[in-house]
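Read the structure below first, then the notes.
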Amino acid sequence: MASLLAGCASDTGGAPAGAENPLAQVKAADLVPEAIVGLGPKGVKSGTLDDIKLTEEEVNQAKQKKFRVGIVMQTMNIEWSTEQVRGITERLKKYDAEVVGVADPNFDVQKQVSSIENMIQLKPDAIISIPVDDTATAEAYRKIGAAGIKLIMMDNVPSGLEYPKDYQGMVSSDNQGNGAVCAEALAKYIPEGGTVGVLDFGVDFFVTKERMKGFVDWMKDNRPDIKIKVAEFLDPANSGKDAGNFLTANPDVQGMFTEWEVPAVGIDQALRAQGKTMPITAVNIASDVAADLATGGNIKALSAQVPYDQGLAEADMAVKVLLGGTAPNWLAFPAVPVLQNNLLDAWKQVYHQDPPSQLTEACKSTEGCA
């Protein structure tokens with residue numbers, strides 16, 4: 001189950017077990033990488049928002065065209081997805097464009113393939129989508145371009161698709177940067193020579209592999225004394241069971257990282273079932289992991305994407321290419337570190353909305369939460 005990545009000794013050890021919160025006095029902004037860490041598909045560097053900014057003339061042209069856009073998600077049961085769709089929908093209204101449908105395959109490859117084919121039948125001008133599996137959905141995505149429909153990708157590009165022939169742009173967060181933020185935060189809890197575990201999504205999925213790379217690379221460069229043990233999961237719904245098996249088999253693990261909030265909740269549940277506490281870091285801020293972070297639970301830090309802003313950018317990108325313009329192959333947003341001491345401000349930054357009342361109340365009752 002576990003593979004071992006071991007480094008040499010270092011004198012940059014983290015806090016010993018049982019120590020006070022080592023992130024209490026850390027400024028979240030200090031964890032943000034100086035620049036975009038990762039590269040996009042085929043090693044391209046990130047474009048900028050200026051590359052997809054529409055002129056007033058282009059906005060007026062778009063309003064006259066009244067474009068129709070379809071959205072095919074990977075799932076709609078996480079806030080990352082609902083915020084992406086909210087951002088896309090609200091931005092398209094600016095251009096008098098219509099969302100013709102939102103497909104939710106719930107991480108099922110065959111359902112997504114069917115959803116893509118059904119969306120093509122609606123004959124939208126563009127489709128904005130994220131693949132469930134890079135390889136298994138590739139042929140379905142090729143059909144979009146063959147039907148004369150523009151394709152804007154979220155987070156990931158299916159295997160073999162070429163820019164700009166098969167897709168016209170992709171938007172994501174800096175996923176390597178997100179992994180690096182999680183590594184730096186977790187390392188502060190791990191004593192010299194300690195061991196951390198990674199619950200890695202065992203599917204060919206660009207963004208999770210990028211987060212994994214960012215995490216491992218940061219550890220190798222900054223805390224080579226820490227041993228990293230890796231376990232894979234395939235079904236997010238069963239991640240808690242996989243985490244439990246891993247933790248049982250590896251009692252030396254002192255902290256955990258995983259690539260988004262759903263398996264992070266699985267790890268937390270597994271720890272609670274075993275009567276254990278352990279620092280967890282993960283990518284994405286959502287209500288469940290934010291509540292645990294607020295109240296001093298096992299979740300100690302998150303590195304957030306900005307799904308609403310990404311949705312705005314995807315809508316702009318779609319309209320830009322529909323008007324005959326060119327969008328960058330890859331456009332990345334910087335990581336947003338989320339600690340207990342900046343939780344409420346980070347929520348506002350990510351979602352452009354006030355935090356839920358339950359989260360605000362939880363923060364009020366917890367020392368160090370803000």
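For this chain, numbers begin at 1 and follow the sequence in order.
Cluster annotation: Val109 is not connected to Met73 through the hydrophobic network of ILVMFWY side chains, with a link wherever side-chain heavy atoms come within less than 4.5 Å. The hydrophobic cluster containing Met154 also contains Val157, counting ILVMFWY residues as joined when their side-chain heavy atoms lie under 4.5 angstrom apart, directly or transitively. Linking ILVMFWY residues whenever their side-chain heavy atoms come closer than 4.5 Å, directly or via other members, places Met170 and Ile149 in the same cluster. Cluster annotation: Tyr167 is connected to Leu322 through the hydrophobic network of ILVMFWY side chains, with a link wherever side-chain heavy atoms come within less than 4.5 Å. Note: the hydrophobic cluster containing Val207 also contains Val85 (ILVMFWY, side chain heavy atoms under 4.5 Å, direct or indirect links).
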Apply side-chain contact (heavy atoms from CB on, under 4.5 Å) to the pair Ile116 and Tyr141, showing each step before the final yes or no.
CA-CA 7 Å; Ile116 293 168; Tyr141 278 105; 3.5 Å; yes
Evaluate Val336 against Val306 for side-chain contact (heavy atoms from CB on, under 4.5 Å), listing each step before the verdict.
CA-CA 8 Å; Val336 178; Val306 284; 3.8 Å; yes
Give the C-alpha distance, both sets of side-chain angles, the deciding distance and a yes or no for side-chain contact (heavy atoms from CB on, under 4.5 Å) between Val59 and Tyr95.
CA-CA 6 Å; Val59 172; Tyr95 307 123; 3.8 Å; yes
Start with the C-alpha distance between Ser172 and Gln310, add both sets of side-chain angles, then the distance that settles side-chain hydrogen bond (donor to acceptor under 3.5 Å, both in side chains), and finish with yes or no.
CA-CA 7 Å; Ser172 77; Gln310 289 169 230; 5.9 Å; no
Which is it for Lys348 and Asp354 under the side-chain contact (heavy atoms from CB on, under 4.5 Å) test, yes or no, and what are the steps along the way?
CA-CA 6 Å; Lys348 293 178 183 178; Asp354 289 334; 3.6 Å; yes
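Taking the side chain as every heavy atom from C-beta outward, Met153 and Pro131 approach each other to under 4.5 Å. Using a 4.5 Å heavy-atom threshold, the side chains of Val132 and Asp108 count as separate. At least one side-chain heavy atom of Pro307 sits under 4.5 Å from a side-chain heavy atom of Val350. Annotation: side chain of Leu302 is in contact with side chain of Leu293 (closest heavy-atom distance under 4.5 Å). The shortest side-chain heavy-atom distance between Phe257 and Val196 does not fall under the 4.5 Å cut-off. Taking 4.5 Å as the limit, every side-chain heavy atom of Pro164 sits out of range of all side-chain heavy atoms of Thr326. Looking only at side-chain heavy atoms (C-beta outward), Ile78 and Glu261 come within less than 4.5 Å of each other. Counting only heavy atoms from C-beta outward, the side chains of Lys53 and Asp316 never approach each other to under 4.5 Å.
One finds the CG atom of Asn175 at 12.5 Å from the CZ atom of Phe333 (value rounded to the nearest 0.5 Å). The distance from atom CD1 of Ile144 to atom OG of Ser129, rounded to the nearest 0.5 Å, is 6.0 Å. In this structure, Leu331 CG and Asp174 CG are separated by 11.5 Å, a value rounded to the nearest 0.5 Å. Between the CG atom in Asp242 and the CG atom in Leu234 there is a gap of 7.5 Å [rounded to 0.5 Å]. Within the model, atoms CG of Asn284 and CZ of Arg211 stand 5.5 Å from one another, a figure rounded to the nearest 0.5 Å. Going from atom CD of Glu162 over to atom CZ of Arg142 covers 8.5 Å, rounded to the nearest 0.5 Å.
Without hydrogens or angle criteria, Thr258 side chain to Trp260 main chain gives no donor-acceptor distance under 3.5 Å. Looking only at distances, a side-chain donor or acceptor of Gln340 sits under 3.5 Å from a matching main-chain atom of Ala294. Of the possible donor and acceptor atoms, one in the side chain of Asp104 sits under 3.5 Å from a partner among the backbone N and O of Asn106. Remark: the backbone N or O of Leu339 is paired with a side-chain donor or acceptor of Asn342 at under 3.5 angstrom. A distance-only check finds no donor-acceptor pair linking the side chain of Asp166 to the backbone of Leu161 [under 3.5 Å]. Side chain of Gln112 to backbone of Ile130: a donor-acceptor contact under 3.5 angstrom is found. A distance-only check finds no donor-acceptor pair linking the side chain of Arg68 to the backbone of Val99 [under 3.5 Å]. Without hydrogens or angle criteria, Asn222 side chain to Trp218 main chain gives a donor-acceptor distance under 3.5 Å. Lys300 contributes a side-chain N or O that, together with a main-chain N or O of Gly297, makes up a donor-acceptor pair within less than 3.5 Å. Side-chain N or O atoms of Ser239 include one that pairs as donor or acceptor with a backbone N or O of Pro236 at under 3.5 Å.
Electrostatic pairing of Lys320 and Glu58 counts as a salt bridge here, judged by a charged N lying under 4.0 Å from a carboxylate O. With respect to the salt-bridge test (charged N to carboxylate O, under 4.0 angstrom), the residues Asp200 and Lys209 qualify. Using a 4.0 Å cut-off between charged nitrogen and carboxylate oxygen, Lys150 and Asp125 do not count as a salt-bridge pair. Using a cutoff of 4.0 Å between basic side-chain nitrogens and carboxylate oxygens, Lys364 and Glu361 are scored as salt-bridged. Of the charged side-chain nitrogens involved, none lies within less than 4.0 Å of a carboxylate oxygen, so that Lys213 and Glu210 do not count as a salt-bridged pair.
Each of Ile280, Val283, Val262, Val265 was scored for a side-chain contact (heavy atoms from CB on, under 4.5 Å) with Val289, with one residue passing: Val265.
Under the 3.5 Å distance criterion, with hydrogens and angles disregarded, a donor-acceptor pair is assigned to the side chains of Glu79 and Ser287. For Glu90 and Tyr308, the side-chain atoms include at least one donor-acceptor pair closer than 3.5 Å. Side-chain polar atoms of Asn298 and Asp292 form no donor-acceptor pair below 3.5 angstrom. With 3.5 Å as the limit, one finds no donor-acceptor pair spanning the side chains of Thr48 and Asp50. Using modelled atom types and a 3.5 Å distance limit, the side chains of Gln305 and Ser173 yield a donor-acceptor pair. Side chains of Thr366 and Thr295: no donor on one and acceptor on the other come within 3.5 Å.
Of all heavy-atom pairs between Gly43 and Leu39, the closest is O-CD1, 3.6 Å. Considering all non-hydrogen atoms of both residues, Ala231 and Phe246 come closest at CB-CD1, 3.4 Å. Cys182 and Ala282 make their closest contact through SG-O, 3.3 Å (heavy atoms, listed as atom of the first residue, atom of the second, distance). When all heavy atoms of Ala243 and Leu199 are compared, the closest pair comes out as CB-CD2, 4.0 Å. Annotation for Ala103 and Ser115: closest pair CB-CB, 3.6 Å, computed over non-hydrogen atoms. Nearest heavy-atom pair, Ala313 versus Ile52, reported as atom, atom and distance to 0.1 Å: O-CD1, 3.5 Å.
Ring to ring, Phe201 and Phe233 are close: their centroids are under 6.0 angstrom apart.
Atom NZ of Lys123 sits in a sparse spot, with 12 or fewer heavy atoms from other residues, nucleotides or ligands closer than 6.0 Å.
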